[in-house]
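See structure below.
Order of the sequence lines fixes the chain letters, A, B, ..., with proteins taken first and strands second; residue numbering starts at 1 for each chain.
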2 protein chains.
Amino acid sequence: MLGLVTKQFSSVWTREERPPKAPGLSRDQIVRAALDLLDAEGVEGLSMRKLGARLNAGATSIYWHVANKDELLELCYDRVWVDVVVLDPETAHWRPALSTFAHSLRSTILRHPWLARLLGRIPGLGPNLLSVSDRIMRLMQRAGFEGLEISFATGTVMAYVMGQTIPEVTWRETMGKQEIQPGDLMNILEKTTADDFPELFAAFRDTRDMDPLETQRMSFSYGLECVLDGLEARVNA
Amino acid sequence: MLGLVTKQFSSVWTREERPPKAPGLSRDQIVRAALDLLDAEGVEGLSMRKLGARLNAGATSIYWHVANKDELLELCYDRVWVDVVVLDPETAHWRPALSTFAHSLRSTILRHPWLARLLGRIPGLGPNLLSVSDRIMRLMQRAGFEGLEISFATGTVMAYVMGQTIPEVTWRETMGKQEIQPGDLMNILEKTTADDFPELFAAFRDTRDMDPLETQRMSFSYGLECVLDGLEARVNA
DNA sequence: ACCTGAACACCGTTCAAGT
DNA sequence: ACCTGAACACCGTTCAAGT
């Protein structure tokens, strides 16, 4: 009898809140969770099952919003391009604008190291990447490039940044993580490298007392200036 | 009775040949089989089980010769660098030598498309890659670069080639394979792209009647000349 | 319309056991 | 020294079934 009475009482405060996933998953929500997982654990850390768990959903629920894992990765890949800075093509000068873009793209990749693994795998057709490309091409066109050269020049800069940054990421994930005594590394390299690869060894000797991250930044800037010099020579031709 | 007689007869020719794996697996043999599998089926086609089967061995036998799959991939990755042409640094002029190297590296990657997927994953420390790097650096040194600039210049060329070629591979594996009517693609792009991304659309219009593979080759050469121009300007500075 | 669980066909890797 | 098979802990994806 008493039991019945208590059962009749009911209010928002007594009722269990419905699980916060609420009305359902959205593609946007899924992509955001996937990005979190990628940033936290890298490409290998992202599995449909883990992603489902993080969303308080069954792993297979995701397949209603997204055809498969590759499509999900395409969405993640495109999303990061919103962070890449491209100055306004109508007002900025092309050379500093390209330099800003290049450094911005590099640091975006370094902030999301999993990008390095996706670059050889994802066809970049998302709106954010297209938008960046379009604005870079506009920059090139205003710089004086014409016709096919607009694409070629754009591709050159993009290729350089990606090609330079991907190995940087790999380096940070392998050699960069372990605390090696510089002397130890020196000894290892000295034995195997000094005789067979003299130039390589000389280069290693030159940089052994420098901060590797700083050296990589210098290297990136150096090559970028080369590329931009090469482009500038063509604009004025 | 007759059965016994036949059983006694024995010779090399009657005896079943021992399975051709013979004395055992060698690391070299494993790597060669893995390369075959990679060329034939790509990175996803290579599994330890399939590789074992191809070697007439248990999948787990491989683990005696190689610590894990990543190490195996490192070995495969390094192996392809033997095909990359670097002219003799002591006799060749640096600029044509770098151009030869760049085109050779590009075509090596295009011949082994799985390389594009490994680039963001493998720390390149194998002897063949080191040897190529060493010779390129020697080339740079003879060109007139000094100190850190030897490494920087080398890294710039490598970055450019990889960054340009990786997307080429991705393109060939996705868009390149399907027979799309140019008109269809045009229609798709026209709707979504023409207004939002005018420069992109203009570029697409300019190249729609060209052979995409040829355009990519032109683009590669164009950017390479930019990079080499930029380097040349620094040598003479 | 959206989500679930069970099931399928795979993975890489470990390890005790064999020869 | 070299190889095996079973086993473990994962995968991505499909699909009938639920609400």
query: Given the rule in the salt bridge (charged side-chain N to carboxylate O under 4.0 Å, His left out) test, do B:Asp28 and B:Arg79 qualify, once you have shown the distances and angles that lead to the verdict?
result: CA-CA 10 Å; B:Asp28 200 76; B:Arg79 185 62 69 91; 3.2 Å; yes
task: Determine, stepwise, if the pair A:Arg135 / B:Glu199 fulfils salt bridge (charged side-chain N to carboxylate O under 4.0 Å, His left out).
output: CA-CA 8 Å; A:Arg135 277 133 69 211; B:Glu199 294 298 329; over 6 Å; no
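Rounded to an integer number of Å, the gap from NE2 of A:His65 to C1' of C:dA1 is 9 Å. Between B:Asn56 atom CG and D:dC2 atom P there is a gap of 19 Å when expressed in whole angstrom units. Rounded to whole Å, atom P of C:dC3 lies 8 Å from atom CH2 of A:Trp64. Atom CD1 of A:Ile30 and atom C1' of C:dC2 are 11 Å apart (whole Å).
Here the shortest heavy-atom pairing between B:Arg27 and B:His65 reads NH2-O, 3.2 Å. Closest heavy-atom contact between A:Leu213 and A:Arg172: CG-NH2, 3.8 Å. When all heavy atoms of B:Met48 and B:Ala59 are compared, the pair lying nearest together is O-CB, 3.7 Å. Scanning all heavy atoms of the two residues, the minimum distance from B:Asn68 to B:Val66 falls at O-CG1, 3.1 Å.
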Each nucleotide N or O in nucleotides 10-14 of chain C that has a protein N or O under 3.5 Å away: list the pair and distance.
from	atom 1	to	atom 2	distance (Å)
C:dC11	OP1	B:Ser47	OG	3.4
C:dC11	N4	B:Arg49	NH2	3.4
C:dG12	OP1	B:Lys69	NZ	2.6
C:dG12	OP2	B:Met48	N	2.9
C:dG12	N7	B:Arg49	NH1	2.5
C:dG12	O6	B:Arg49	NH2	2.8
C:dT13	OP2	B:Tyr63	OH	2.8
C:dT13	OP2	B:Lys69	N	2.8
C:dT13	O5'	B:Tyr63	OH	3.4

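The only member of A:Val132, A:Leu105, A:Asp134 that meets side chain to side chain contact (heavy atoms under 4.5 Å, CB included) when paired with A:Val86 is A:Val132.
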task: Any chance you could encode DNA chain C as dot-bracket? Rule is Watson-Crick or G-U wobble with both distances under 3.5 Å; [ ] for pairs crossing earlier ones, | for another strand.
output: ||.|||||...|||||.||
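Here the two rings, on B:Tyr160 and B:Phe220, have centers that are under 6.0 Å apart.
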